[in-house]
Chemist: 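Got a structure for you, written out below as structure tokens; questions coming shortly.
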Amino acid sequence: MTRVRIDMFASLDGYASTTGGTADNPMGEDWGRLTAAYAATRTFHERVLGDTTGAGTTGIDDSHAAAHFDGIGAEIMGAAMFGLHAFPDDPDWKGWWGDQPPFGTPVYVLTHTAPRPPIPMQGGTTFHFRDTTVEDVLAEATEAAGGSDVRVGGGVSTARAFLRAGLVDHLHVMIAPILLGRGTRLWDDLRGLEHTHKVTTEVAESGTIHVTFTR
Ligand SMILES: NC(=O)c1ccc[n+]([C@@H]2O[C@H](COP(=O)([O-])OP(=O)(O)OC[C@H]3O[C@@H](n4cnc5c(N)ncnc54)[C@H](OP(=O)(O)O)[C@@H]3O)[C@@H](O)[C@H]2O)c1
């Protein structure tokens, strides 16, 4: 049965977005600190960087990173995560991930801006643009996933919309042992999530706390 999954990075103080982005570094300098343990994994080297030399960590962070890629048949993301807010005037914008994005599935980008035609990319990713409810885009993504899972990739407001609507079966949060003190909060308005989902916690060698909510 298709499950709806989210993997998110958060700081110890609960922030899941970073600030201070520039044209040269759109994610801001804190993004590297928030995601450092994941970016150090062998799975990230292989799946995102295309580095097949065997470089990267192989511990608890890596096992979660590998699970992140496993069994996903379709992806949903918000306009900001795709980059439409950073490049609103570029009709040819194809996302941050280069010619061969790491998804390898249909990716549904939620946006209120004028509909764009689908963008097929190398490696099996096709970006589709939808202006609809979280329930309706999830129904379409579930159909496309053909029995595999659907991942809500982010950003923070899109992930929170799916969580608030009670649509998420598996939430995995990688809590980096850092304090950001600013940004968008992940946990607000989610009181009682531990009552509907089973919570597990694991601490990786890097100090990252992997908290998983599953139902
Ligand atoms: N911590 C993590 O793991 C993680 C992961 C990914 C991203 N991020 C961070 O998240 C931030 C981006 O997230 P965000 O919260 O700003 O934005 P987002 O969730 O990526 O996108 C939100 C936008 O998507 C569009 N949208 C959302 N729901 C829609 C619907 N039902 N129908 C039509 N359009 C809809 C709207 O854009 P329009 O109205 O403009 O079309 C909305 O403003 C970045 O800072 C990024 O670094 C964090």
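As the structure lists them, so they are numbered: ligands from 1, and atoms in each ligand from 1.
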Chemist: How far does OG of Ser11 sit from CZ of Arg185, to the nearest 0.5 angstrom?
Modeler: 8.0 Å
Chemist: Check salt bridge (Lys or Arg N to Asp or Glu O under 4.0 Å) between Asp149 and all other residues, then give those that pass, not counting sequence neighbours.
Modeler: Arg3, Arg5
Chemist: When you check the side-chain N and O atoms of Thr41 and Asp61, is any donor under 3.5 Å from an acceptor?
Modeler: no
Chemist: Please list, by chain and number, the protein residues whose heavy atoms come under 4.0 Å of ligand 1.
Modeler: Met8, Phe9, Ala16, Ser17, Met27, Trp31, Gly78, Ala79, Ala80, Met81, His85, Leu110, Thr111, His112, Thr113, Asp131, Thr132, Gly153, Gly155, Val156, Ser157, Thr158
Chemist: State, yes or no, whether a side-chain contact exists between Asp30 and Arg182 at a heavy-atom distance under 4.5 Å.
Modeler: yes
Chemist: Does any non-hydrogen side-chain atom of Thr18 lie less than 4.5 Å from one of Leu34?
Modeler: yes
Chemist: May I ask you to decide if the ring planes of Phe9 and Trp31 are parallel, tilted or perpendicular, using 30° and 60° as cut-offs?
Modeler: perpendicular
